[in-house]
Amino acid sequence: MKATILITKWAARLISVFLFVFAVLSAFSEMPHPRTLTSHEITLFITFGFIFVGFIFAWFKQILGGAIGFVSTILFMTIAQMTNGFMYIILLGGVLFLLSGILEKIHSEEEPKS
């Protein structure tokens with residue numbers, strides 16, 4: 001059981017690091033001037049930011065952070081009408097954070113207290 005928790009936790013963390021690296025690399029690419037962004041693009045930017053906040057928070061509070069990341073990814077996919085493999089990987093990160101947090105909680109409740 002501990003191995004499963006460890007694998008899911010670190011798989012989620014690797015996905016969150018992958019997302020961060022992708023975002024940093026994208027930031028150095030050609031971006032439109034902030035004054036030319038539409039309200040739709042601003043909404044997408046904010047939603048993507050919430051995915052980051054959720055994943056960063058999930059390193060410390062897995063269930064809450066995973067839920068924030070998962071819901072934000074669903075919102076982003078819905079608003080952007082984007083359902084590609086990259087977004088499913090990010091969605092998987094939120095699911096794995098939730099799963100590892102739930103498994104840790106169940107496992108800690110099963111252990112006898114001394």
Side-chain angles (χ1 to χ4, degrees):
M1 183 69 145
K2 286 185 180 184
T4 304
I5 294 169
L6 193 62
I7 290 169
T8 56
K9 180 190 292 186
W10 280 101
R13 286 180 174 185
L14 287 174
I15 289 171
S16 67
V17 169
F18 167 73
L19 173 63
F20 177 75
V21 169
F22 173 78
V24 168
L25 291 176
S26 296
F28 289 113
S29 68
E30 211 173 299
M31 301 249 326
H33 193 276
R35 294 184 192 187
T36 61
L37 293 176
T38 65
S39 60
H40 183 260
E41 291 169 332
I42 292 170
T43 304
L44 289 174
F45 181 74
I46 291 170
T47 310
F48 200 73
F50 273 107
I51 296 170
F52 270 114
V53 169
F55 280 6
I56 290 169
F57 199 75
W59 278 68
F60 307 100
K61 298 285 186 179
Q62 294 173 14
I63 295 174
L64 182 59
I68 292 169
F70 179 79
V71 170
S72 298
T73 306
I74 295 289
L75 283 173
F76 185 88
M77 290 171 71
T78 303
I79 294 169
Q81 297 177 347
M82 183 185 293
T83 55
N84 59 25
F86 176 73
M87 294 310 298
Y88 287 122
I89 291 171
I90 296 172
L91 193 63
L92 178 65
V95 170
L96 289 174
F97 273 124
L98 283 168
L99 181 63
S100 66
I102 291 168
L103 288 175
E104 269 189 358
K105 191 172 204 137
I106 290 170
H107 186 68
S108 68
E109 290 173 356
E110 290 177 352
E111 289 180 354
K113 308 242 187 232
S114 352

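All heavy atoms count here, side chains included; hydrogens, waters and symmetry mates do not. For the single chain, residues carry numbers from 1 onward in sequence order.
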Peer 1: Is the side chain of Glu41 donor-acceptor paired with the backbone N or O of Thr38 at a distance under 3.5 Å, no angle test?
Peer 2: yes
Peer 1: If every non-hydrogen atom of Gly93 is compared with every non-hydrogen atom of Ala12, which pair is closest and at what distance?
Peer 2: O-CB, 3.7 Å
Peer 1: Starting at CD1 of Ile15, measure out to CD1 of Ile89 and round the result to the nearest 0.5 Å.
Peer 2: 7.0 Å
Peer 1: In Å and rounded to the nearest 0.5 Å, what is the NE2 to CD1 distance from His107 to Ile5?
Peer 2: 5.5 Å
Peer 1: Who passes side-chain contact (heavy atoms from CB on, under 4.5 Å) against Leu75, sequence neighbours left out?
Peer 2: Thr47, Val71
Peer 1: So which atom in Ser100 and which in Gln62 form the shortest heavy-atom distance, rounded to 0.1 Å?
Peer 2: OG-OE1, 2.8 Å
Peer 1: What residues, two or more places apart in sequence or in another chain, satisfy ring-ring contact (aromatic ring centres under 6.0 Å, His included) together with Phe50?
Peer 2: none
Peer 1: Roughly how far apart are Leu99 CG and Glu104 CD, rounded to 0.5 Å?
Peer 2: 10.5 Å
Peer 1: Can you check side-chain contact (heavy atoms from CB on, under 4.5 Å) on Ile68 and Phe97, steps first, answer last?
Peer 2: CA-CA 10 Å; Ile68 292 169; Phe97 273 124; over 6 Å; no
Peer 1: In this structure, would Val95 and Ile102 fall into the same cluster of hydrophobic residues linked by side-chain contacts under 4.5 Å?
Peer 2: yes
Peer 1: For Phe55 versus Gly69, what's the shortest heavy-atom pair and its separation?
Peer 2: CE1-CA, 3.9 Å
Peer 1: Should Phe57 and Leu98 be regarded as members of a common hydrophobic cluster, given that ILVMFWY residues are connected when their side-chain heavy atoms come within less than 4.5 Å of each other, either directly or indirectly?
Peer 2: no
Peer 1: For the residue pair Phe22 and Phe86, categorise the inter-ring angle as parallel (less than 30°), tilted (30 to 60°) or perpendicular (more than 60°).
Peer 2: tilted
Peer 1: For residues Leu92 and Ile56: do they belong to one hydrophobic cluster (side chain heavy atoms under 4.5 Å, members Ile, Leu, Val, Met, Phe, Trp, Tyr)?
Peer 2: no
Peer 1: In Å and rounded to the nearest 0.5 Å, what is the OG1 to CZ distance from Thr8 to Arg13?
Peer 2: 10.5 Å
Peer 1: First locate atom CD1 of Ile90, then atom OG of Ser72, and finally report the distance between them rounded to the nearest 0.5 Å.
Peer 2: 11.0 Å
Peer 1: Indicate if Met82 and Phe70 have the same hydrophobic cluster label, given that clusters are the connected sets of ILVMFWY residues with side-chain heavy-atom separations under 4.5 angstrom.
Peer 2: yes
Peer 1: Dump the intermediate steps for side-chain contact (heavy atoms from CB on, under 4.5 Å) on Leu19 and Phe48, then the final yes or no.
Peer 2: CA-CA 10 Å; Leu19 173 63; Phe48 200 73; 3.4 Å; yes
Peer 1: Could you tell me how the ring of Phe20 sits relative to the ring of Phe52: parallel (under 30°), tilted (30 to 60°) or perpendicular (over 60°)?
Peer 2: perpendicular
Peer 1: Please check if Leu64 and Trp59 belong to a single hydrophobic cluster, counting links between Ile, Leu, Val, Met, Phe, Trp and Tyr side chain heavy atoms closer than 4.5 Å.
Peer 2: no
